[in-house]
Amino acid sequence: MSEDNGYENSAGGPVDKVADIASGIGEYIRQQRNNAKISLRQLAKLAGVSNPYLSQIERGVRKPSAEILQQIAKGLRISAEALYVQAGILDLPTGGPVPDAIRADTELTERQKQVLLDVYESFRRENAAAGGDRGQTTVIAKE
């Protein structure tokens with residue numbers, strides 16, 4: 001007789017999904033830390049967590065809370081939203097080809113990506129407010 005504890009251990013079940021998310025967020029944090037050229041010890045100190053705990057997060061052994069992710073994001077100087085998306089706390093923002101390309105670029109830091117997205121969205125709002133003039137260029141002829 002099997003006991004139903006509300007968790008599934010078969011492939012693709014909730015337990016596996018949590019493990020995948022923990023592994024994914026840990027790898028993402030490690031990648032961001034390496035890109036920032038910060039040691040594990042330095043990031044742990046900046047984030048206010050212990051070295052072993054941060055190491056466990058990076059290895060996917062532990063899934064950090066939203067508060068811990070916020071502290072880690074602050075230590076890495078990236079947006080907490082980026083970590084929340086990676087951790088499955090927030091859904092990936094909708095976009096289109098341009099925002100998706102910006103988010104996918106591995107050469108940019110999270111801060112650079114966010115600045116580009118903000119500028120792009122401000123141009124889109126400006127064009128939407130202007131109405132029908134989008135995409136048209138006025139040429140002034142010199143006489």
Side-chain angles (χ1 to χ4, degrees), residues 1-140:
M1 207 175 189
S2 72
E3 187 176 312
D4 183 10
N5 60 9
Y7 297 103
E8 297 175 33
N9 287 321
S10 61
V15 171
D16 291 330
K17 289 177 185 172
V18 169
D20 289 346
I21 289 169
S23 176
I25 187 64
E27 179 58 35
Y28 183 77
I29 290 169
R30 179 183 294 120
Q31 183 181 54
Q32 293 301 312
R33 181 176 59 76
N34 289 334
N35 289 346
K37 295 179 175 39
I38 299 173
S39 72
L40 184 104
R41 184 169 295 188
Q42 289 170 317
L43 180 56
K45 185 175 181 179
L46 289 169
V49 298
S50 71
N51 293 347
Y53 182 64
L54 182 57
S55 176
Q56 289 173 347
I57 291 170
E58 285 191 357
R59 289 182 285 127
V61 175
R62 292 197 180 246
K63 184 172 184 264
S65 68
E67 286 179 32
I68 297 296
L69 287 174
Q70 185 174 22
Q71 291 170 225
I72 291 171
K74 187 177 177 182
L76 289 169
R77 295 186 176 190
I78 64 173
S79 74
E81 180 184 42
L83 288 182
Y84 293 160
V85 168
Q86 288 292 322
I89 295 171
L90 287 179
D91 290 332
L92 184 64
T94 58
V98 174
D100 290 347
I102 291 170
R103 287 186 192 100
D105 193 324
T106 58
E107 300 288 317
L108 299 175
T109 67
E110 287 302 316
R111 173 140 172 71
Q112 291 167 333
K113 290 176 187 180
Q114 191 58 54
V115 169
L116 282 173
L117 290 168
D118 290 346
V119 169
Y120 177 72
E121 285 305 316
S122 73
F123 284 148
R124 289 180 50 86
R125 284 191 301 273
E126 183 180 304
N127 289 344
D133 287 345
R134 287 189 352 188
Q136 296 179 0
T137 305
T138 304
V139 178
I140 300 173

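For clarity, every value in this text was computed on a predicted model and none was experimentally measured. Worth knowing before you read on, the calculation uses all heavy atoms, side chains too, and leaves out hydrogens, waters and symmetry mates. Note that the numbering runs from 1 along the sequence shown for the chain.
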Roughly how far apart are [X] [atom1] and [Y] [atom2], rounded to 0.5 Å?
X	Y	atom1	atom2	result
Y28	L69	OH	CG	11.0 Å
L43	L54	CG	CG	5.0 Å
Q32	I72	CD	CD1	12.0 Å
R103	E110	CZ	CD	10.0 Å
Q71	K74	CD	NZ	8.5 Å
L108	I102	CG	CD1	8.0 Å

Looking only at the side chains, is there a donor atom on one of D118 and Q114 sitting less than 3.5 Å from an acceptor on the other?
yes

CD/Q70: more than 12 non-hydrogen atoms of other groups inside 6.0 Å:
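Atom CD in Q70 is not crowded, with 12 or fewer foreign heavy atoms closer than 6.0 Å.
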
If you draw a 6.0 Å radius around NZ in K113, do more than 12 non-hydrogen atoms from other residues or ligands fall strictly inside?
yes

Evaluate side-chain contact (heavy atoms from CB on, under 4.5 Å) for L116 paired with V98, printing each intermediate quantity in order.
CA-CA 10 Å; L116 282 173; V98 174; over 6 Å; no

Distance-minimising heavy-atom pair for [X] and [Y]:
X	Y	value
I68	P64	CG2-CB, 3.8 Å
Q42	K37	OE1-O, 4.3 Å
A80	A73	CA-CB, 3.6 Å
R33	L40	NH1-N, 3.2 Å
A44	N51	CB-OD1, 3.2 Å

Answer yes or no: is there a side-chain heavy-atom contact under 4.5 Å between [X] and [Y]?
X	Y	value
K45	R41	no
R77	T109	no
V49	I57	no

Do any N or O atoms from the side chain of R62 and from the backbone of Q56 form a donor-acceptor pair under 3.5 angstrom?
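Checking the backbone N and O of Q56 against the side chain of R62, no donor-acceptor pair under 3.5 Å is found.
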
